[in-house]
Amino acid sequence: MLWKRTIVMLAVFAALTLLAVLAAAIPSGEKVAGLEVTAIDAQAVTKIDIRRADGEYSLVKKDGQWRIDPGNYAVEDQLVERALEVVAMVHGGRTVSSSSANHEKYGVTDDALRISVQSAQEPAWTLLVGNLSADKTGNYVRESDDNRVYALSARLQDTFDREVNRWRNRTIVKFDKDQATRLVLTKAGATPLSFAKGDAGWTFDPAPSNLPADYKLDPEKIARIARSMANFRATDFDDEQQSLDRGLTPPLYEATVTLDGGDSVAVEIGAEVDEKFYARKKGEDQTYLIASYAAKNLQNDLDTLRDMHLLTFDAAQVEKVDIVEGKRRLTLEKKAEDIWAVTAASAEKPAGFVLDHAKVTSAVRSISTMQAKQIVGGPAPAAAKLGSPTGTLTLTLAGGVEKIVKVGAEVDDDLIYLGAAGRVFKATKGSKNRILKKIGDFKVSEARRQPQFDPAMLDKLPPQMREQFLQEQRRKILQRQMMEQMMKNADKQKPPK
């Protein structure tokens, strides 16, 4: 039985050793206790005082709205909601020290970030916030009148250590984008452009008197402006009191949206400063700074709102693609949904050629979204050489309708002439390669090479087998598209090199 007594004695010795270690870690005469502040109901908080190295300010709840004092600036809703969530987590915690000698080690000296919370229902508490805790879940803290240091599972520093302007609401105007019914764009010294949204999308209302006869509005550009205004935000604030011309009295540009019910909101755009623009909500005094792209989106005119699409058609309705470039000709015909076949090719097929049906479909869709850089007014100039084009693309839709793009001469080092739908355009030179594709452009890559089914065999299959095959092909196409989209999304999320 000696071995049993030995095991018992070893167990007792281990327990006593552990107790001794714990006792040595606890300062004499003190108990291990958590932070003894009462958990506060976030909804009952009425004021948060924040002291940083650069000064003090308060977040104050007034008539149900949070404001910054001094300044009476509105607070960003999402920021104050997160702050209140963190406040609700401030209780308990683990004691890590009871000696003032460790305050600097944990970053909780008297000049540390200080947060005071007041509640309508519970006593206020004040904490000095130090370094990130060892487990990275929160910060070390102590009460301002107590030497004890605690490790909290609340990241107070991340939440509250902000300059005043980082709390401020940067929203200039906000509304439900689906409620926009009218848009008016005004440029100083010019006739306003007015648009209305109907069942067919956005249109002029009324049309400008100086509208060119061949003008075609791009409704999506108007919709994009309305969407951008639905949550129009600033990048910074202009609170300087000095008198200077900001281009806002009167504004250089103004965009006004009318909503269902008749209410309207307007944004005024002023002068440019340091690659930003002055802006404000019409009727309010606060001046903001907005990003250059946001300002220029509201500075559109007839030229920039013009529809620059070469053609308008449904890519899914295309049944035949004819490409002619000099003596070279390539014809592809659709045999079934997303199933294509090469029916004519003057150029020899590359070695090991297998048609990639997805590349054909993608090329057709690319043409349906293709836009030019400029529109040439009047008839095509002789220099465009569209009477004897370099090449021609003809898309035949269901029902026999043809959509044609002609590639003309080079304009300069960057542009070429294109003719489509009775209009003459100038487009980038790269457009030629998108329009006049070669047979090699449709070859299956080695990485995606799989046994291919001859489209000509479809007509020889019994109806039931044909439908089963097409369903399987659709499933594979959908699966491949989903995988490609997932890969694209993954690439976008990779950190920059």
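Computed from a predicted structure; not experimentally measured. For this chain, numbers begin at 1 and follow the sequence in order.
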For a 4.5 angstrom cut-off between non-hydrogen side-chain atoms, does [X] reach [Y]?
X: F313; Y: L395; result: yes
X: V45; Y: V87; result: yes
X: I68; Y: V75; result: yes
X: T390; Y: K432; result: yes
X: I172; Y: F232; result: yes
X: W125; Y: V90; result: yes
X: Y253; Y: T186; result: no
X: T235; Y: K276; result: yes

**Request:** Just do the salt bridge (charged side-chain N to carboxylate O under 4.0 Å, His left out) check on D301 and K187 with the steps written out, would you?
**Result:** CA-CA 9 Å; D301 54 24; K187 179 182 178 180; 5.5 Å; no

**Request:** Report the C-alpha separation of I222 and L183 in whole Å, then their side-chain angles, then the decisive distance to 0.1 Å, and conclude whether the side chain to side chain contact (heavy atoms under 4.5 Å, CB included) test is met.
**Result:** CA-CA 8 Å; I222 310 303; L183 173 68; 3.7 Å; yes

Could you tell me whether [X] and [Y] make a salt bridge, using a distance below 4.0 angstrom between a side-chain N and a carboxylate O?
X: D146; Y: R148; answer: yes
X: R224; Y: D218; answer: no
X: D49; Y: K47; answer: yes
X: R166; Y: E163; answer: no
X: D214; Y: R423; answer: no
X: K359; Y: D441; answer: no
X: K197; Y: D178; answer: no
X: R182; Y: D205; answer: yes

Using a cut-off of 6.0 Å, state whether more than 12 heavy atoms not belonging to [X] lie near its atom [atom1].
X: D314; atom1: CG; value: yes
X: K429; atom1: NZ; value: yes
X: K61; atom1: NZ; value: yes
X: Q65; atom1: CD; value: no

Rounded to the nearest 0.5 Å, how far does [atom2] of [Y] lie from [atom1] of [X]?
X: D158; Y: N139; atom1: CG; atom2: CG; value: 6.5 Å
X: I269; Y: L248; atom1: CD1; atom2: CG; value: 8.0 Å
X: L393; Y: I404; atom1: CG; atom2: CD1; value: 9.0 Å
X: E268; Y: T287; atom1: CD; atom2: OG1; value: 9.5 Å
X: K385; Y: I416; atom1: NZ; atom2: CD1; value: 13.5 Å
X: L311; Y: S368; atom1: CG; atom2: OG; value: 9.5 Å

**Prompt:** Run the side-chain hydrogen bond (donor to acceptor under 3.5 Å, both in side chains) check on T361 and D338 step by step: do they pass?
**Reply:** CA-CA 6 Å; T361 301; D338 290 325; 3.1 Å; yes

Closest non-hydrogen atom pair between [X] and [Y], with its separation:
X: S194; Y: V184; result: OG-CG2, 3.8 Å
X: L418; Y: S431; result: CD1-CB, 4.3 Å
X: L310; Y: I435; result: CD1-CD1, 4.4 Å
X: S228; Y: I225; result: OG-O, 2.7 Å
X: M229; Y: F175; result: O-CE2, 3.3 Å
X: T256; Y: E254; result: OG1-OE2, 3.4 Å

**Message:** Within the 3.5 Å criterion, strictly below it, is a donor on Y57 or W167 matched to an acceptor on the partner's side chain?
**Reply:**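 Distance-only check passes for Y57 and W167.
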
**Asked** Will you find, in the side chains of Q157 and N131, an N or O donor that is under 3.5 Å from an N or O acceptor?
**Response**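 The answer is no; no qualifying pair exists.
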
**Request:** Apply the test side-chain hydrogen bond (donor to acceptor under 3.5 Å, both in side chains) to residues Q374 and R306: give CA-CA distance (whole Å), side-chain angles for both, the deciding distance (0.1 Å), then the verdict.
**Result:** CA-CA 10 Å; Q374 303 173 27; R306 200 165 191 165; over 6 Å; no

Do any N or O atoms from the side chain of [X] and from the backbone of [Y] form a donor-acceptor pair under 3.5 angstrom?
X: T137; Y: S133; answer: no
X: K296; Y: A291; answer: no
X: K403; Y: T312; answer: yes
X: D77; Y: V80; answer: no
X: K221; Y: T304; answer: yes
X: N300; Y: N297; answer: yes

**Request:** Test W66 against every option in L84, T46, N169 by the side chain to side chain contact (heavy atoms under 4.5 Å, CB included) rule and name the one that passes.
**Result:**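 Answer after filtering L84, T46, N169: L84.
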
**Asked** Pick one: which of V86, V129, L127 meets side chain to side chain contact (heavy atoms under 4.5 Å, CB included) with F160?
**Response**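 Testing F160 for a side chain to side chain contact (heavy atoms under 4.5 Å, CB included) against V86, V129, L127 leaves exactly one candidate, V86.
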
**Item:** Cation over ring face, R280 and Y288, 6.0 Å, 45°
**Value:**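 Ring-cation test returns no.
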
Could you pull out all donor-acceptor pairs under 3.5 Å where a side-chain atom in residues 101-118 meets a protein atom, sequence neighbours excluded?
from : atom 1 : to   : atom 2 : distance (Å)
N102 : ND2    : S97  : OG     : 2.8
H103 : ND1    : R142 : NE     : 3.4
H103 : NE2    : N147 : O      : 2.9
T109 : OG1    : D111 : OD1    : 2.5
D110 : OD1    : R142 : NH2    : 2.6
S116 : OG     : T126 : OG1    : 2.8

**Message:** So if I apply the salt bridge (Lys or Arg N to Asp or Glu O under 4.0 Å) rule between E76 and each of R233, R162, R67, which one comes out positive?
**Reply:**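 Single salt bridge (Lys or Arg N to Asp or Glu O under 4.0 Å) partner of E76 among R233, R162, R67: R233.
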
**Asked** What's the verdict on side chain to side chain contact (heavy atoms under 4.5 Å, CB included) for Y278 and V273, showing C-alpha distance, side-chain angles and the deciding distance?
**Response** CA-CA 7 Å; Y278 292 111; V273 54; 3.7 Å; yes

**Message:** Could you go through Q286 and D239, starting from their C-alpha distance and side-chain angles, then the distance that decides it, and tell me whether this counts as side chain to side chain contact (heavy atoms under 4.5 Å, CB included)?
**Reply:** CA-CA 8 Å; Q286 176 65 57; D239 298 319; 3.2 Å; yes

**Request:** Begin from the C-alpha positions of F204 and F195 and carry the test ring pair (Phe, Tyr, Trp, His ring centres under 6.0 Å) through to its verdict.
**Result:** CA-CA 4 Å; F204 283 115; F195 311 90; 5.2 Å; yes

**Message:** The criterion is salt bridge (charged side-chain N to carboxylate O under 4.0 Å, His left out); which residues satisfy it with K174, sequence neighbours excluded?
**Reply:**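 Applying salt bridge (charged side-chain N to carboxylate O under 4.0 Å, His left out) to K174 gives none.
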
